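Here is the structure we will look at.
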2 protein chains.
Amino acid sequence: MTEQHNTKGRRPTLADVAKMAGVSKQTASRVINRSEHVTEETRARVLKCIETLGFRPSALARQLTSGRSYTLGVVSNAAIGYLTTGDAYTGMVRQADHLGYALLIKEMREFSRSSVEIMLNHLIDRQVDGVIWAGPEIGDSHAWLDDYPVNDLPMPLVVINARKRGNIDTVGFDNFQAGKIATRHLLSLHRHHIGHISGPMDRSVAQQRVEGWRAALAEGGQPESGNLCVEGDWEAPTGGPALRRLKEMCPELDAVFVGSDRMALGVLFEARQMGLRVPEDLAVMGIDNDRQSAFFSPPLTTMHQDTPLMAEIALRLLVRRICERRGEPYPESCAVPENPLLVHELLVRQSTLGVMPMP
Amino acid sequence: MTEQHNTKGRRPTLADVAKMAGVSKQTASRVINRSEHVTEETRARVLKCIETLGFRPSALARQLTSGRSYTLGVVSNAAIGYLTTGDAYTGMVRQADHLGYALLIKEMREFSRSSVEIMLNHLIDRQVDGVIWAGPEIGDSHAWLDDYPVNDLPMPLVVINARKRGNIDTVGFDNFQAGKIATRHLLSLHRHHIGHISGPMDRSVAQQRVEGWRAALAEGGQPESGNLCVEGDWEAPTGGPALRRLKEMCPELDAVFVGSDRMALGVLFEARQMGLRVPEDLAVMGIDNDRQSAFFSPPLTTMHQDTPLMAEIALRLLVRRICERRGEPYPESCAVPENPLLVHELLVRQSTLGVMPMP
DNA sequence: CTGAAAGCGCTTACAG
DNA sequence: CTGAAAGCGCTTACAG
């Protein structure tokens with residue numbers, strides 16, 4: 001049975017155990033917390049009582065007295081972070097479970113200073129041991145970090161998916177580098193008019209990918225292509241119209257680096273409508289490596305992004321910080337670098353290469 | 001500032017407020033909890049002290065004494081439920097936020113009776129107000145519900161994404177009906193060899209979709225097609241091989257109802273390889289309405305499934321149950337039906353219809 | 001090794 | 001309308 005009840009009809013408490021075992025609550029507590037200083041005999045007796053009473057300590061009471069909740073706050077923005085957030089949850093939940101923490105999920109829609117404070121206060125009031133700030137960086141959504149005394153917070157905080165700032169722990173991808181590598185790949189195919197379809201330009205991720213693309217163009221001696229940029233919204237429907245705009249701007253367009261695989265799907269769709277052969281007339285590559293892009297038509301060259309891994313690393317870093325603050329040793333698995341910047345991996349498929357991969 | 005400190009250097013407590021205002025803790029508490037029985041004058045004085053001290057009540061202490069945590073436990077299986085779970089989170093987080101609850105996420109990998117009990121005990125120990133059992137039904141993962149005294153749990157529980165059983169609150173989709181409607185659509189196109197590619201057959205969702213497909217075939221006078229079923233794993237890579245199998249089993253195959261949009265993408269890919277025209281030679285339809293399927297090649301006919309909505313409804317039902325147990329009125333928005341069974345919507349696109357939708 | 005006391009920060013009866 | 005006391009179920013010093 002899940003619930004044992006004592007004579008009073010409530011859950012058994014430590015006091016019940018102590019009474020039954022004929023010891024003090026303190027000693028019973030020692031047994032539960034595996035303290036050394038208990039006779040083997042006493043321990044056995046107490047354990048037996050715990051067993052027969054079906055006693056389990058109240059996590060709440062423990063949290064209140066010990067100041068440790070084994071709960072991590074996750075602040076996200078489900079409405080906007082949608083896909084990436086979903087993938088990130090996978091990694092965080094898995095790792096939290098592994099390290100013995102529960103995740104307390106809260107959502108934010110608005111990023112004013114006062115909203116941020118309300119959110120942090122909520123988490124402080126619930127005494128979470130640490131916080132992962134997981135909403136995507138939109139406009140100045142993360143500006144508060146610049147002048148907020150983050151180190152005065154009662155718990156450590158790790159930011160994911162945002163630009164690095166100051167000495168605030170941040171875990172994310174090197175989107176600048178990713179944009180560069182993607183564009184270099186297109187350059188290596190001897191394309192001379194390499195356009196870009198970006199995500200929303202108020203997103204730091206989108207900005208960094210654009211910057212990487214421009215840097216590679218300059219490096220490759222084609223800085224003039226740097227104007228061939230049209231803004232999308234990450235989703236498939238904006239891919240097609242953006243492609244048409246690019247074609248208008250530059251009829252010789254022979255390659256496009258698309259800021260997300262989803263928009264790239266829209267581009268491939270529109271290219272077909274326009275009678276453009278991919279990759280012969282137009283090389284197309286995406287970024288993110290959605291799990292379906294290998295089956296696009298043609299299969300999409302992209303940059304693989306391991307979002308669950310990123311989230312796992314963020315969680316480990318957070319646990320490391322928690323332990324450090326309390327002067328405890330941290331689990332070996334939490335020995336991650338201080339400011340990990342993950343890299344995407346180039347995945348070449350038919351949409352740029354034009355030959356079938358081996359079956 | 002987030003943190004105000006009293007002279008002792010800790011967060012101010014109710015006692016600090018009471019002392020400063022020259023009232024009892026009880027009265028201070030009344031002000032915080034908006035009790036009627038306080039003089040306007042006293043209230044003002046206490047509020048002022050709260051303000052200057054920067055006092056905020058400890059959520060933990062309140063939970064311990066009031067027996068209410070405004071936290072909902074969500075038990076999922078991120079590793080397996082991946083996409084659906086991600087979409088469901090979106091709805092749950094949004095609705096929880098709206099109703100003033102936080103979500104405590106826990107993951108399960110294994111579904112033995114003892115694992116289930118450990119999980120429930122964890123949640124009980126943390127005094128969650130209610131639980132959403134969100135892992136997908138795999139094999140006998142939900143068998144424990146058949147003989148578990150769910151009503152003896154200290155909190156209400158709502159199951160999503162699983163077969164309805166007994167008087168346990170369940171929220172989900174009518175996958176049987178969805179399979180039927182999908183197949184009827186193919187029948188209406190005068191297809192005579194309608195195959196099916198299912199999800200993993202140990203999943204109740206996959207089973208129900210198969211059953212719906214068979215029921216429609218029987219109803220349409222083509223029961224013999226009921227053998228044309230090949231099992232996939234929900235993901236794109238299994239779609240192609242499954243299509244080849246079906247073609248071997250029945251060279252006249254002229255339509256296929258695919259158990260997920262992702263597998264359907266694999267099917268479309270393979271159909272191209274095989275030189276089959278879609279929909280002329282083979283009508284293809286999926287189910288789920290992934291956000292990209294409108295841009296497949298050709299755009300995929302599918303059944304729209306509003307997973308976030310399902311999750312929202314589950315959360316509302318749970319909050320309703322919580323309030324009912326405590327004899328409190330529940331928010332108007334929580335007046336959902338007792339056992340909502342959501343329906344998919346048929347979305348006809350080119351992969352079955354063969355004409356371009358209006359632009 | 002073990003225990004009596006105080007405390008975590010609130011709320012819930014019970015009085016007045 | 002207001003308050004003194006007890007209690008929620010533990011843990012943390014402090015003694016012995």
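The structure presented is a predicted model; accordingly, all values stated were derived computationally and were not measured. Residue numbering restarts at 1 for every chain, and letters A, B, ... go by the order of the sequence lines.
- Between the CD1 atom of A:Ile32 and the C1' atom of D:dT12 there is a distance of 15 Å, given to the nearest Å.
- Electrostatic pairing of B:Glu338 and B:Arg321 counts as a salt bridge here, judged by a charged N lying under 4.0 Å from a carboxylate O.
- Side chains of A:Tyr89 and A:Ser76: a donor-acceptor N/O pair is present below 3.5 angstrom, by distance only.
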Might you work through the side-chain hydrogen bond (donor to acceptor under 3.5 Å, both in side chains) test for A:Ser58 and A:Arg11, ending with a clear yes or no?
-> CA-CA 10 Å; A:Ser58 155; A:Arg11 272 184 73 167; over 6 Å; no

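- Counting to the nearest Å, the C1' atom of C:dG16 and the NE2 atom of B:His37 are 15 Å from each other.
- In this structure, CD of A:Gln63 is placed 13 Å from C1' of D:dT11, rounded to the nearest angstrom.
- Distance B:Arg326 CZ to C:dT12 P: 11 Å, rounded to the nearest Å.
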What's touching nucleotides 4-9 of chain D from the protein side, N or O pairs under 3.5 Å?
none

Nucleotide pairing, DNA chain D (Watson-Crick or G-U, distances under 3.5 Å), in dot-bracket with [ ] and | = |||.||||||||.|||

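- One atom, NZ of A:Lys19, and another, C1' of C:dG3, lie 18 Å apart when rounded to the nearest Å.
- Within the 4.0 Å cut-off from OP1 or OP2 of D:dT11, at least one side-chain nitrogen or oxygen of A:Ser29 is found.
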I would like to know whether A:Val75 and A:Leu123 meet side-chain contact (heavy atoms from CB on, under 4.5 Å); could you show each step before the answer?
-> CA-CA 9 Å; A:Val75 180; A:Leu123 296 172; 3.7 Å; yes

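- Looking at B:Glu41 and B:Thr39, their side chains never bring a donor and an acceptor atom within 3.5 Å of each other.
- With salt bridges taken as basic N to acidic carboxylate O contacts below 4.0 Å, one links B:Arg326 and B:Asp129.
- Salt-bridge formation is not detected for the pair A:Lys48/A:Glu51: no Lys NZ or Arg NE/NH1/NH2 atom is positioned less than 4.0 Å from an Asp or Glu carboxylate oxygen.
- For B:Val128 against B:Met155, the heavy-atom pair with the smallest separation is O-CB, 3.8 Å.
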